[in-house]
Structure formats: C-alpha cells, structure tokens
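Computation of the quantities below employed the complete heavy-atom set of this structure, encompassing side-chain atoms and omitting hydrogens, waters and symmetry-equivalent molecules. For clarity, every value in this text was computed on a predicted model and none was experimentally measured.
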Amino acid sequence: QVQLVESGGGLVQPGGSLRLSCAASGRFFRNYAMAWYRQAPGKQRELVARITSSSSTMYADSVKGRFTISRDNAKNTVYLQMNSLKPEDTAVYYCNAVVSARDYWGQGTQVTVSS
C-alpha cells in the first residue's frame, strides 16, 4: 500500500508562485514514477508533470518554462514548483504514483489563482 499526502495549495495572485509537496509512504520510493495531475471545473483531468525513478522529467506544454517537478528521495517527497501562475492554472492538483503497475492517488489540493 502506498499513501500520498499533499500540501502547499492555496490562493495566490496572478504572476505569483506556489510550491506543492507530496509525501509518499514506502521503502522503495526511489523506484516510484511520480506525477502531478490537475482538474478544473468542467474540464477533464490532465497530466501536468512527470518524474521517473531516474529523475528524468516531462511537462505539459501549458506549463513548460513555468513549473518544475523534482524529488527528494531521502524525504520520500515530490515537489511541484509553480511560477508565473495564471488564472487558468486554477484547479485541484493531484499527486500520483505508479508502483508495480498500479496507480495511487493523493486526495487533491486546491490551487486558486485570482486577484
């Protein structure tokens, strides 16, 4: 069983920054592929960023150059640094882990970008 605990969401003004954290359980975190997804009202869930066990990264075109995904294996934690935030970034953000071909999800954290 893998449990994911998210933190760092909140309200921020356009152009501002926010860092999301996701702490994962398990002894083999270094082997997990991790990702951040988001879902806005009336829209389908979309992949935001992904990081592999070897720390290679991939980003959605909509966030390239603004968001950075990283991991700290000593803390069993993955991060999403979000800069130059836009109102269209407003969504519930979900942490995801793939372990032995099974998907695990966090509960989601709300990010609201508004004046």
[X] with [Y], same ILVMFWY side-chain cluster at under 4.5 Å:
X   : Y    : result
M34 : V92  : no
Y37 : V113 : no
F28 : V99  : yes

Original post:
Among side-chain atoms of T112 and S114, is any donor-acceptor pair under 3.5 angstrom?
Top reply: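 No donor-acceptor contact under 3.5 Å links the two side chains.
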**OP:** Give a yes-or-no answer on whether the side chains of Y93 and R38 include a donor-acceptor pair shorter than 3.5 Å.
**Re:**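 Note: Y93 and R38 side chains meet the donor-acceptor criterion.
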Please examine the side chains of [Y] and [X], heavy atoms only from C-beta on, and report whether any two atoms are closer than 4.5 Å.
X    : Y    : answer
E6   : Q107 : yes
Y59  : T68  : yes
V98  : Y32  : no
Y104 : R102 : yes
V111 : L20  : yes

Which distance, rounded to the nearest 0.5 Å, do you find between the [atom1] of [X] and the [atom2] of [Y]?
X   : Y    : atom1 : atom2 : result
S55 : N73  : OG    : CG    : 6.5 Å
N31 : S54  : CG    : OG    : 11.0 Å
N96 : D103 : CG    : CG    : 5.0 Å
L18 : F67  : CG    : CZ    : 9.0 Å

Subject >> Short N-O contact, D61 and K64, less than 4.0 angstrom >> reply: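 Here D61 pairs with K64 in a salt bridge, since their nearest N and O are under 4.0 Å apart.
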N/O donor-acceptor pairs under 3.5 Å from side chains in residues 75-84, not counting sequence neighbours:
residue : atom : partner : partner atom : Å
N76     : ND2  : A24     : O            : 3.1
N76     : ND2  : G26     : O            : 2.8
T77     : OG1  : K75     : O            : 2.8
Q81     : NE2  : N83     : OD1          : 3.0
N83     : OD1  : S17     : OG           : 2.9

**OP:** May I ask you to decide if the ring planes of W105 and Y94 are parallel, tilted or perpendicular, using 30° and 60° as cut-offs?
**Re:**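 Rings of W105 and Y94: perpendicular, over 60°.
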Original post:
Cationic tip of R71 within the cone over F29's six-membered ring, i.e. under 6.0 Å and within 45° of the normal?
Top reply: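 Yes, R71 sits over the ring of F29.
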Original post:
With sequence neighbours left out, which residue pairs that include part of residues 8-96 fulfil the disulfide (SG to SG under 2.5 Å) condition?
Top reply: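 The answer is C22-C95.
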**OP:** With sequence neighbours excluded, give me every disulfide (SG to SG under 2.5 Å) pair touching residues 45-80.
**Re:**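 Disulfide (SG to SG under 2.5 Å) check on residues 45-80 returns no pairs.
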Subject >> Full working for side-chain contact (heavy atoms from CB on, under 4.5 Å) between T90 and Q110 >> reply: CA-CA 8 Å; T90 296; Q110 178 71 48; 4.0 Å; yes
Original post:
More than 12 foreign heavy atoms under 6.0 Å from CZ of R66: is that the case here?
Top reply: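 Count over threshold, so yes.
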